[in-house]
Participant: 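Below is one structure. I have some questions about it.
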Amino acid sequence: MRRRLDSPELHPPSKSLFSILLDSEKQKFKTKKRKIQHSKNGLQYAKTVDNTWSFILSAPDSNAYIGIGFSTNGQMIGASAVVGWIPTDGKGQAKPYLLGGKSPGEVRSDQGDLVIVNGSLKIESVSSRLYMSFQLTAGTPRASLLYAMGPAGFFPSSPGFTLREHRDMTTTTINYITGSQSVVKGSPHSKLRKTHGLMNMFGWGILIIIGALVARHMKKWKPTWFYAHIALQTTGFLFGLTGIICGLVLENRTGANNVSKHKGLGITIFVMGILQVLALLARPDKDSKYRKYWNWYHHNVGRVMIILAISNIFYGIHLAKAGSAWNGGYGFVVAVLVLAAIGLEVRKFKNK
């Protein structure tokens with residue numbers, strides 16, 4: 001008996017041979033065209049012989065690649081996938097991939113740990129619908145499945161068969177015995193991880209830097225520069241504190257064991273931030289003989305803190321394997337701030 005579930009369709013194991021499954025899927029489309037037309041990805045599977053599983057993934061032929069990933073934890077990174085496409089010349093191709101990261105360069109073809117039966121990987125188009133079939137050798141395939149569809153009009157090509165970012169993806173967990181499945185709405189820690197990154201980036205990596213530039217170059221606007229400096233540094237510190245708390249909670253929930261350096265740098269930056277706040281409370285009068293020592297301490301601790309913060313943000317992006325978008329986005333912001341600082345320094349030098 002077949003079971004049908006919404007987005008994607010899923011059918012539990014049956015005693016049908018793999019070829020019969022493919023024929024029945026094609027026939028089902030022909031006899032129930034209206035119903036299939038409005039579905040998304042469809043999956044049929046069967047355990048044909050001991051430790052051999054047969055799969056058929058189907059999806060509307062929208063002039064794009066289709067793929068299915070097998071993940072240990074429901075995440076894209078680290079999963080192994082099978083991706084197929086039929087370009088305009090009609091010569092279909094399907095390949096295994098290792099999803100090593102979220103940027104195209106980290107998704108590598110002909111890699112991964114799926115044991116695919118030789119000659120079983122195929123893709124064809126029937127009545128405006130793609131059917132990709134393959135067989136895996138496994139005791140039980142991984143229960144976390146990732147379904148993806150690529151951008152319209154793009155097809156991977158040799159030599160690297162690089163994929164572009166998918167335009168649609170669904171994550172599910174299934175029970176191969178009963179055929180039951182549930183759609184996973186994102187990683188259970190994805191929002192916490194993103195909040196951790198954004199809070200630290202905006203706090204330590206942007207607002208604190210802008211506050212330092214205001215203090216160095218805007219002193220002719222008294223006392224506005226001072227209040228602006230305090231407001232920016234306080235807001236940046238609170239954002240950074242929130243980011244650090246999120247990071248500690250995230251470490252506790254995920255049990256991550258590769259973040260000791262990142263965590264150590266974060267705590268060092270936090271301690272420096274506290275020292276800067278305490279230094280403000282102990283700020284000598286302008287005419288005090290100790291004021292020059294205070295200035296030296298306050299300015300240099302701030303500079304070291306900013307350098308460490310920028311470095312740790314990029315290091316955190318690397319650990320999270322967040323991809324080129326995060327690196328490029330924050331790199332652009334840092335470049336703008338550096339150019340602004342250089343420009344202000346040049347103007348200050350000329351005005352002396």
Side-chain angles (χ1 to χ4, degrees), residues 71-79 99-103 106 144 146 165 169 171 173 183-212 229-280 301-337:
S71 173
T72 57
N73 56 6
Q75 299 295 303
M76 169 188 167
I77 297 173
L99 310 182
K102 294 186 177 181
S103 62
E106 295 172 306
S144 294
L146 316 173
E165 184 178 357
M169 189 186 80
T171 303
T173 58
V183 176
V184 180
K185 297 181 179 179
S187 162
H189 307 301
S190 59
K191 289 185 178 179
L192 184 61
R193 184 178 287 107
K194 186 176 290 186
T195 301
H196 165 66
L198 289 175
M199 289 293 102
N200 284 311
M201 188 179 293
F202 279 106
W204 306 115
I206 296 178
L207 292 177
I208 292 289
I209 299 174
I210 295 174
H229 174 65
I230 295 299
L232 286 165
Q233 303 306 76
T234 301
T235 305
F237 179 81
L238 293 175
F239 272 40
L241 175 60
T242 303
I244 288 175
I245 293 173
C246 289
L248 294 173
V249 173
L250 184 64
E251 181 193 20
N252 181 63
R253 290 184 180 179
T254 61
N257 57 6
N258 63 338
V259 297
S260 56
K261 292 181 181 179
H262 182 60
K263 178 181 177 181
L265 283 171
I267 293 175
T268 301
I269 293 164
F270 176 62
V271 170
M272 286 183 166
I274 292 177
L275 291 176
Q276 291 292 77
V277 173
L278 295 177
L280 179 64
V301 169
R303 292 184 182 110
V304 172
M305 185 180 72
I306 287 171
I307 293 171
L308 290 178
I310 294 173
S311 302
N312 205 31
I313 288 169
F314 280 117
Y315 184 45
I317 293 172
H318 166 73
L319 288 177
K321 297 181 180 179
S324 57
W326 282 73
N327 274 316
Y330 185 61
F332 175 78
V333 172
V334 171
V336 170
L337 292 173

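Keep in mind the model is a prediction, meaning the values are calculated, not measured.
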Participant: Any chance you could measure L250, atom CG, to R193, atom CZ, to the nearest 0.5 Å?
Facilitator: 5.0 Å

Participant: Of the non-hydrogen atoms in T171 and G74, which two are nearest, and what is the gap between them?
Facilitator: CG2-O, 3.7 Å

Participant: If we only count heavy atoms from C-beta on, is the M272 to L308 side-chain gap below 4.5 Å?
Facilitator: yes

Participant: Could you tell me the separation between the CG atom of L207 and the CZ atom of F202, rounded to the nearest 0.5 Å?
Facilitator: 8.0 Å

Participant: Between N312 and G266, what is the shortest heavy-atom contact and its length?
Facilitator: ND2-N, 3.4 Å

Participant: Quick check for you: to the nearest 0.5 Å, what is the distance between I208 atom CD1 and H229 atom NE2?
Facilitator: 8.5 Å

Participant: What pairs of residues pass the salt bridge (charged side-chain N to carboxylate O under 4.0 Å, His left out) test when at least one of them lies in residues 258-272, not counting sequence neighbours?
Facilitator: E251-K263

Participant: Between the side chain of Y315 and the main-chain N/O of L265, is any donor-acceptor distance below 3.5 Å?
Facilitator: no

Participant: Do I310 and I209 make a side-chain contact, defined as non-hydrogen atoms from C-beta onward lying under 4.5 Å apart?
Facilitator: yes

Participant: Is the closest side-chain heavy-atom distance between I313 and W326 below 4.5 Å?
Facilitator: no

Participant: Give the table of side-chain donor-acceptor pairs shorter than 3.5 Å for residues 232-245, with sequence neighbours excluded, one pair per line with atom names and distance.
Facilitator:
from	atom 1	to	atom 2	distance (Å)
T234	OG1	I230	O	2.7
T235	OG1	A231	O	2.7
T242	OG1	L238	O	2.9

Participant: Which one of I269, V271, L275 satisfies the side-chain contact (heavy atoms from CB on, under 4.5 Å) criterion with M305?
Facilitator: I269

Participant: What are the two closest heavy atoms between A320 and I77, and how far apart are they?
Facilitator: O-CD1, 3.8 Å

Participant: Do the non-hydrogen side-chain atoms of N200 and H196 ever get within less than 4.5 Å of each other?
Facilitator: yes

Participant: Compare every heavy atom of T173 with every heavy atom of S144, then report the nearest pair and how far apart it is.
Facilitator: OG-CG2, 3.9 Å

